[in-house]
Amino acid sequence: MPLLLGFVLSGFFIWLAENISTFWGVWRYPNQLGAWSAVHVSKWSSWSLLMVMTFTIVAHLRHIKASIHVAKT
């Protein structure tokens with residue numbers, strides 16, 4: 001599976017879980033106080049972007065960790 005597709009699918013399933021959670025009242029957004037409505041689709045792209053950023057940061061930090069040489073005493 002292509003990496004980008006994995007990020008988009010992960011974002012979709014997090015968005016889906018967010019909709020299920022707000023439907024069952026685990027938490028509510030201000031626009032859901034009167035009646036339940038689906039979480040806006042724009043949150044899907046936010047979750048996907050978060051997945052991309054997290055992967056990039058972790059990959060970069062692993063590269064930095066591999067290049068650091070600590071002298072053993």
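Because the structure is a prediction, the values reported are computed rather than measured.
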Taking only residues at least two apart or on different chains, which pairs with a member in residues 46-55 satisfy salt bridge (Lys or Arg N to Asp or Glu O under 4.0 Å)?
-> none
To the nearest 0.5 Å, tell me how far Met51 CE sits from Ile14 CD1.
-> 5.5 Å
Tell me, please, which residues at least two apart from Phe13 pass ring-ring contact (aromatic ring centres under 6.0 Å, His included).
-> none
Side-chain heavy-atom pair Leu3, Phe7 within 4.5 angstrom cut-off = yes
Please list, chain by chain and in numerical order, all residues satisfying side chain to side chain contact (heavy atoms under 4.5 Å, CB included) with Ala38, sequence neighbours excluded.
-> Asn19, Trp36
Is Trp24 reachable from Tyr29 through a run of hydrophobic residues whose side-chain heavy atoms are each under 4.5 Å from the next?
-> yes
Are Leu49 and Ile57 connected, step by step, through hydrophobic side chains (Ile, Leu, Val, Met, Phe, Trp, Tyr) whose heavy atoms are closer than 4.5 Å?
-> no
Would a 4.5 Å heavy-atom cut-off, applied to side chains only, mark Met1 and Leu9 as touching?
-> yes
Ser45 side chain vs Ser42 backbone, donor-acceptor pair below 3.5 Å = yes
Here the salt bridge (Lys or Arg N to Asp or Glu O under 4.0 Å) pairs for residues 4-20, sequence neighbours left out, are Glu18-Lys43
By side-chain hydrogen bond (donor to acceptor under 3.5 Å, both in side chains) - contacts of Trp15 (at least two apart) = none
Give the intermediate values and the outcome of side chain to side chain contact (heavy atoms under 4.5 Å, CB included) for residues Trp44 and Leu16.
-> CA-CA 9 Å; Trp44 180 3; Leu16 185 64; over 6 Å; no
Only counting residues at least two apart or in another chain, list the ones meeting side-chain hydrogen bond (donor to acceptor under 3.5 Å, both in side chains) with Thr56.
-> none
At what distance, to the nearest 0.5 angstrom, does OG of Ser10 lie from CH2 of Trp47?
-> 12.0 Å
What are the two closest non-hydrogen atoms of Val39 and Gln32, and how far apart are they?
-> CG2-NE2, 4.0 Å
Is it the case that one hydrophobic cluster holds both Phe55 and Leu50, taking links as side-chain heavy atoms less than 4.5 Å apart, direct or via other members?
-> yes
Of all the heavy-atom pairs spanning Ser48 and Gly11, show the shortest one and how long it is.
-> OG-CA, 3.6 Å
